[in-house]
Amino acid sequence: MSTHISLQAFDPWRAIAEHQQQSALDKQFGATASFVGTMRDFNDSANVSRMVLEHYPEMTQHYLEQLENQAQQKWELLDSLIIHRVGEITPADPIVLIACWSAHRRAALDACSWLIEELKHNAPFWKKESGQNGDRWVEKNTDGL
Amino acid sequence: MSTHISLQAFDPWRAIAEHQQQSALDKQFGATASFVGTMRDFNDSANVSRMVLEHYPEMTQHYLEQLENQAQQKWELLDSLIIHRVGEITPADPIVLIACWSAHRRAALDACSWLIEELKHNAPFWKKESGQNGDRWVEKNTDGL
Amino acid sequence: MSIQVKFFASLRETIGISETQVTSVSTAGDVWDSATNNSERPINVLVAVNLEYAQFDSLINDGDEVAFFPPVTGG
Amino acid sequence: MSIQVKFFASLRETIGISETQVTSVSTAGDVWDSATNNSERPINVLVAVNLEYAQFDSLINDGDEVAFFPPVTGG
């Protein structure tokens with residue numbers, strides 16, 4: 001289990017590959033499910049050229065570690081990885097990565113889906129978008145649809 | 001949309017990254033969900049040292065393309081990628097990759113989960129395992145639990 | 001009429017042939033009987049006609065490709 | 001007693017402070033009132049005590065850290 005807050009842009013696919021190599025998972029896991037959330041260059045029709053992601057550092061780390069623990073209790077996970085970007089973000093940058101490893105597919109898939117929903121609803125991050133209409137705080141997350 | 005049958009080992013994370021670069025998705029997608037199925041070195045307790053994956057080539061290609069089309073009709077996907085390995089496989093080799101891109105998270109997550117279930121239940125691939133107890137055809141796929 | 005018949009995986013090994021042709025059949029079940037010399041059909045055998053899953057009572061036309069195989073185990 | 005108080009995001013900008021301290025409070029609601037000089041509390045404000053979500057009637061102890069913030073929008 002691992003949670004990182006990243007101040008720099010990160011490559012989610014390389015992060016998964018590296019995490020997998022460093023862990024002792026080899027030959028034991030049969031399933032990896034991942035989710036990557038990326039900054040789009042539009043949101044509610046106003047062009048967005050830049051974004052700042054603020055967070056509550058101590059609570060973020062604590063909350064995400066708790067989430068991973070809960071996921072481990074709910075599903076038979078072999079490992080999980082959460083990376084969340086903070087600071088200044090530009091379109092097409094990855095914002096969040098969640099990856100879950102398990103022996104069988106449903107644990108990894110269901111845990112990954114659950115983790116991103118919980119994170120979206122409760123992890124203490126806030127987005128402020130800058131675009132042609134100036135700056136504005138995003139008021140709430142969508143339901144994902 | 002893209003379906004590949006791979007005779008060689010493939011790196012699923014590099015495949016996702018390359019597919020993303022080659023497509024014109026940049027800045028439009030907000031969500032990528034992926035599933036990777038990997039060969040484990042045990043199955044039903046008998047050590048498995050090698051596996052051969054047979055398939056029905058014409059039907060495989062046709063079936064997987066149909067699946068991607070169906071997923072596109074059911075969810076608002078921007079793109080999808082399926083890679084499935086065939087031939088001789090050794091433990092820790094990736095067997096299948098499914099990746100889905102969408103604007104919002106639920107489409108990518110739900111389509112990815114649906115695609116792997118459909119593929120597991122219906123795509124014409126067959127595994128023959130070799131281990132300390134000799135060769136044996138895997139008789140049926142698990143329900144993923 | 002000429003029907004292309006294929007067998008895959010464990011079924012290919014049990015039947016001992018991977019491809020053959022049959023003539024004068026009306027259903028996919030007839031194709032099985034003709035191609036296997038009336039072997040007993042295992043209960044879990046699946047059939048595809050022209051690359052699509054079908055039933056054993058599906059009607060067969062000249063030029064069709066009919067494939068028989070055990071439960072799939074990919075992914 | 002000494003309570004560390006934090007505000008985040010749009011709430012930090014509205015209130016105009018990011019961190020402060022208060023004393024002599026019994027609930028998280030009291031912390032809000034004391035730290036904001038009895039500003040009206042927006043209906044959607046969330047509160048965390050010692051890094052865990054809490055309620056406005058949650059009891060506060062000496063040394064606690066109390067944070068107020070708007071609905072979260074990460075991920």
Side-chain angles (χ1 to χ4, degrees), chain B residues 3 5-6 12 35-40 43-44 48 51-67 82-87 89 94-98 112-129 135-144, chain C residues 1-22 25 27-36 39-75:
Chain B
T3 291
I5 302 299
S6 179
F35 176 82
V36 175
T38 306
M39 184 183 166
R40 297 186 303 143
N43 198 1
D44 294 350
V48 173
M51 192 161 76
V52 174
L53 242 157
E54 177 173 332
H55 73 137
Y56 179 1
E58 299 83 2
M59 184 171 170
T60 305
Q61 189 70 27
H62 173 70
Y63 179 79
L64 294 179
E65 285 170 5
Q66 255 183 352
L67 265 197
I82 300 178
I83 301 180
H84 202 294
R85 180 82 181 279
V86 293
I89 297 178
I95 294 172
V96 62
L97 161 67
I98 291 178
C112 182
S113 179
W114 180 84
L115 282 166
I116 185 59
E117 291 300 328
E118 293 293 314
L119 185 154
K120 279 262 182 188
H121 286 108
N122 299 312
F125 294 98
W126 301 275
K127 292 185 180 120
K128 190 181 202 175
E129 297 175 340
D135 293 358
R136 62 160 209 133
W137 289 97
V138 177
E139 284 181 16
K140 65 195 278 282
N141 268 338
T142 65
D143 58 5
Chain C
M1 82 196 286
S2 171
I3 310 299
Q4 192 71 21
V5 189
K6 296 182 174 181
F7 296 91
F8 289 95
S10 58
L11 204 57
R12 174 174 49 70
E13 293 184 351
T14 313
I15 303 290
I17 42 175
S18 76
E19 285 199 50
T20 184
Q21 270 137 29
V22 300
V25 291
T27 66
D30 295 342
V31 176
W32 172 275
D33 292 340
S34 178
T36 67
S39 293
E40 197 182 341
R41 206 171 72 210
I43 198 157
N44 60 2
V45 170
L46 300 168
V47 59
V49 176
N50 299 331
L51 315 181
E52 298 274 358
Y53 279 102
Q55 305 298 321
F56 281 92
D57 60 5
S58 297
L59 295 177
I60 301 300
N61 297 305
D62 188 22
D64 281 355
E65 173 169 310
V66 181
F68 301 101
F69 45 80
V72 303
T73 55

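Here the structure is a predicted model, which is why all the values come from computation and not from measurement.
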Check: Do you know which two heavy atoms are closest between C:Glu13 and B:Trp137, and how far apart they sit?
Finding: OE1-NE1, 2.8 Å
Margin query: Under the rule for side-chain contact (heavy atoms from CB on, under 4.5 Å), what residues qualify as partners of C:Asp57, not counting sequence neighbours?
Written below: C:Gln55
Check: Do the side chains of C:Ile17 and C:Val5 get nearer than 4.5 Å, heavy atoms only?
Finding: no
Notebook entry, point to check: Which residues from residues 67-75 of chain C are near chain B, with near meaning under 4.5 Å between non-hydrogen atoms?
Noted result: C:Ala67, C:Phe69, C:Pro70, C:Pro71, C:Val72, C:Thr73, C:Gly74, C:Gly75
Notebook entry, point to check: Donor-acceptor pair, B:His121 side chain versus B:Glu117 backbone, under 3.5 Å?
Noted result: yes
Item checked: Which portion of B:Glu139 sits near chain C, non-hydrogen atoms under 4.5 angstrom -> backbone
Note to self: Tell me if a side-chain donor or acceptor on C:Asp33 pairs with a main-chain N or O of C:Asp30 at a distance below 3.5 Å.
What the structure shows: no
Next item on the list: Grab the two heavy atoms, one from B:Leu67 and one from B:Leu119, that are nearest each other, plus how far apart they are.
Entry: CD1-N, 3.9 Å
Next item on the list: Mind ranking B:Arg85, B:Lys140, B:His84 by heavy-atom pairs under 4.5 Å with chain C and telling me who comes out on top?
Entry: B:His84
Checklist line | Contact origin within B:Lys128 toward chain C - heavy atom pairs under 4.5 Å | finding: side chain
Next item on the list: Evaluate the ring planes of C:Trp32 and C:Phe7, with Trp represented by its six-membered ring, and classify them as parallel (under 30°), tilted (30 to 60°) or perpendicular (over 60°).
Entry: perpendicular
Checklist line | Atom group of B:Glu58 that falls short of 4.5 Å from chain C, counting heavy atoms | finding: both
Notebook entry, point to check: Would you say the side-chain atoms of B:Glu54 pair up with the backbone N or O of C:Ala9, donor to acceptor, closer than 3.5 Å?
Noted result: yes
